[in-house]
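Every heavy atom of this structure was used, including side-chain atoms; hydrogens, water molecules and symmetry mates were not.
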Amino acid sequence: MKIKALKYLLVYSLPLAVFFSFRQEGWSTFLPIIYSFGVIPVLELFIKPSSANIDEAEQALRKADFLYDFLLYLIVPIQVGFVIWYFFIIQNVEVNTATFWGRTISLGLMCGVLGINVAHELGHRVKGYEKLMAKVLLMTSLYPHFFIEHNYGHHKNVATPEDPASARYNEVLYVFWLRSMVFAYISAWKIENKRIRRTEGSAFSLKNEMILFTLIEILLLVGITAFLGITAVLGFCVAAFTGILLLETVNYIEHYGLSRHKVSENRYENATVIHSWNSNHLVGRLMLFELSRHSDHHANPVKKYQILESYDESPQMPTGYPGMMILSAFPPLWFYVMNKRVKQYQSA
């Protein structure tokens, strides 16, 4: 069983690529970008996707196997370590050089692929230390409010007009970025203020995580500026923003055009495996800890990544996540490929 878990070591190929980037100068620092959005999408065009599921007995074994959790936990020190390393290798680099942008965007890839994605998985866990690790990872992308909005907003409102993270039919990616980022942030404040008023009577409390997150972010940025300089804080913000844009692009492709029907004036039908796009392409599945089996994740949010399943009725992406993200950057091509698929699944 442990041998099967080791296939997720493919995730660690990204930090290896970034390790190379951080030790290089010039255009070679862009290697992680070429790997993520060049090599992987091409591989997924030739490697056949697999919709195979495991039986209940094997699911029980995988749930009990600590190695699957350890592979997640190990990401936390690696991500934090790379952020700290970045500060030391970027301080004296000119902003207008390929070295600065190659290293910075490479860190941004880690913020999105490792930081936010692993935080997403850990944020759904029930153990307090796992939730804490999720928040630490999200802080490396300056996006800690995702923890609140995703778990208590997005999963409740997915595939409805009330959800900022569900892309509308014919909505352009770049419009979605702005709408999702702004309204998800507002939604997180509303959710947390409502929760804290219910328990404390007033939203103005350090028990309000949105206030706490904001204070930590301010202290973090001020500290980086004071001790490491403007270049370090500028690069960190660019890297964090890159990670955020990767997250929002993933949100876009995961729910584009899909919607739940209203069953009453105040309620939508339950979210099921037909309300999220699924991808069974193997490289993307392994690189993202099965995030691309997103249909099952939304139908069963507490399921651990290693036991997520594929369903025949789920809407299927034509390729893996990296390829879909590239496609989404070209709206006419995206609409040409995806709109007919949306109509096919929505009319089924």
Side-chain angles (χ1 to χ4, degrees), residues 116-117 119-121 123-124 138 143 145-195 198 210 244-279 291-303 308-317 321 324-325 328 331 334-335 337-348:
I116 299 177
N117 180 48
H120 165 259
E121 173 71 20
H124 281 288
L138 289 171
Y143 221 53
H145 67 274
F146 173 82
F147 180 89
I148 296 170
E149 208 292 320
H150 179 83
N151 288 293
Y152 306 109
H154 175 61
H155 271 269
K156 174 185 175 183
N157 298 317
V158 65
T160 73
E162 284 76 23
D163 180 34
S166 292
R168 319 309 192 219
Y169 184 78
N170 272 339
E171 184 173 25
V172 173
L173 171 66
Y174 309 108
V175 174
F176 171 80
W177 278 351
L178 182 61
R179 182 177 65 79
S180 183
M181 285 188 286
V182 170
F183 288 100
Y185 184 73
I186 293 171
S187 174
W189 273 105
K190 289 179 177 178
I191 292 168
E192 185 64 3
N193 286 348
K194 182 179 179 181
R195 182 189 73 84
R198 188 169 59 248
M210 287 301 293
I244 292 166
L245 291 184
L246 289 174
L247 162 69
E248 296 299 351
T249 304
V250 166
N251 277 335
Y252 180 84
I253 68 173
E254 286 174 338
H255 302 290
Y256 173 76
L258 300 176
S259 59
R260 288 190 280 158
H261 300 297
K262 266 198 165 183
V263 295
S264 69
E265 184 178 350
N266 299 312
R267 195 174 76 83
Y268 290 91
E269 63 182 320
N270 292 335
T272 69
V273 295
I274 69 170
H275 296 118
S276 306
W277 291 95
N278 191 70
S279 171
L291 177 68
S292 60
R293 283 199 160 177
H294 208 63
S295 299
D296 192 17
H297 169 69
H298 265 278
N300 303 285
V302 298
K303 258 191 179 182
L308 290 172
E309 298 176 89
S310 177
Y311 294 86
D312 292 338
E313 61 267 37
S314 297
Q316 298 295 323
M317 294 180 180
Y321 272 31
M324 295 300 293
M325 293 169 76
S328 70
W334 173 265
F335 296 147
V337 172
M338 293 303 294
N339 281 5
K340 56 188 175 185
R341 287 175 175 263
V342 173
K343 292 177 181 176
Q344 172 191 346
Y345 286 109
Q346 289 290 83
S347 61

Closest contact, heavy atoms only, Val342 versus Tyr169: CG1-CD1, 3.8 Å
query: Hey, is NZ on Lys190 packed in by over 12 heavy atoms from elsewhere, all under 6.0 Å?
result: no
- prompt: Closest heavy-atom contact between Pro161 and Tyr268?
  reply: CD-OH, 3.4 Å
query: Say you draw a straight line from CD of Glu149 to NE2 of His155; how long is it, rounded to the nearest 0.5 Å?
result: 10.0 Å
field: Validation row, ring centre His275 to ring centre His261 under 6.0 Å
entry: no
task: Report yes if some heavy atom in the side chain of His124 is under 4.5 Å from a heavy atom in the side chain of Val302; otherwise report no.
output: no
field: Distance-only donor-acceptor check, side chains Trp277 and Ser292, under 3.5 Å
entry: no
field: Minimal non-hydrogen separation, Pro315 against Ser276, with atom names
entry: CD-O, 3.4 Å
query: Could you go step by step and tell me if Thr249 and Phe176 meet the side-chain contact (heavy atoms from CB on, under 4.5 Å) rule?
result: CA-CA 9 Å; Thr249 304; Phe176 171 80; over 6 Å; no
- prompt: Between atom CZ of Arg293 and atom NZ of Lys303, what is the distance when rounded to the nearest 0.5 Å?
  reply: 9.5 Å
- prompt: Is Val273 close to Glu309 at the side-chain level, that is, under 4.5 Å between some pair of heavy atoms?
  reply: no
field: Residue Lys262 excluded, over 12 heavy atoms near NZ under 6.0 Å
entry: yes
- prompt: Is there a donor-acceptor pair closer than 3.5 Å between any side-chain N or O of Ser295 and the backbone N or O of Ile274?
  reply: no
message: As an exercise, state the distance from CZ of Arg168 to OH of Tyr252, rounded to the nearest 0.5 Å.
response: 12.0 Å
field: Closest non-hydrogen atom pair, Met317 against Ser279
entry: SD-CB, 3.9 Å
query: How many angstroms lie between CD in Glu121 and CD1 in Ile116, if you round to the nearest 0.5 Å?
result: 15.0 Å
query: What do you reckon, are the aromatic ring centroids of His120 and His297 less than 6.0 Å apart?
result: yes
message: Between Tyr345 and Gln316 (side chain of the first, backbone of the second, donor and acceptor by atom type, cut-off under 3.5 Å), is there such a pair?
response: yes
query: Side chains of Tyr256 and Glu171: do they bring a donor and an acceptor to under 3.5 Å?
result: no
- prompt: Just by distance, do the side chain of Arg267 and the backbone of Glu265 share a donor-acceptor pair under 3.5 Å?
  reply: no
- request: Please check if the side chain of Asp296 supplies one atom and the backbone of Leu308 the other of a donor-acceptor pair under 3.5 Å.
  value: no
query: Is Tyr185 reaching over with its side chain to a backbone N or O of Ser180, donor-acceptor style, under 3.5 angstrom?
result: no
task: Under the side-chain contact (heavy atoms from CB on, under 4.5 Å) rule, what do Met210 and Ile191 come out as? Steps first, then yes or no, please.
output: CA-CA 10 Å; Met210 287 301 293; Ile191 292 168; over 6 Å; no
Ser166 backbone acceptor or donor facing Asp163 side chain under 3.5 Å: yes
- prompt: Which distance, rounded to the nearest 0.5 Å, do you find between the CG of Leu258 and the CZ of Arg341?
  reply: 12.0 Å
task: I would like to know whether Glu162 and Lys156 meet salt bridge (Lys or Arg N to Asp or Glu O under 4.0 Å); could you show each step before the answer?
output: CA-CA 9 Å; Glu162 284 76 23; Lys156 174 185 175 183; over 6 Å; no
Audit row: Glu192, His145, side-chain contact (heavy atoms from CB on, under 4.5 Å) steps and yes/no: CA-CA 9 Å; Glu192 185 64 3; His145 67 274; over 6 Å; no
query: Just how far is it from atom NE2 of His150 to atom CG of Asn251, taken to the nearest 0.5 Å?
result: 8.0 Å
query: Which heavy atom of His294 sits nearest a heavy atom of Asn278, and at what distance?
result: N-OD1, 3.6 Å
field: Taking every non-hydrogen atom, the tightest pair across Leu291 and Tyr321
entry: O-OH, 3.4 Å
message: Between Phe146 and Leu247, is the side-chain contact (heavy atoms from CB on, under 4.5 Å) condition met? List the steps.
response: CA-CA 10 Å; Phe146 173 82; Leu247 162 69; 3.8 Å; yes
message: Treating Ser187 as the side-chain partner and Phe183 as the backbone partner, does any N or O pair qualify as donor plus acceptor under 3.5 Å?
response: no
Test item: Arg260 side-chain N/O and Ala159 main-chain N/O as donor-acceptor pair under 3.5 Å: no
task: Would you tell me whether Glu248 and Tyr143 have side-chain atoms, one donor and one acceptor, within less than 3.5 Å of each other?
output: yes
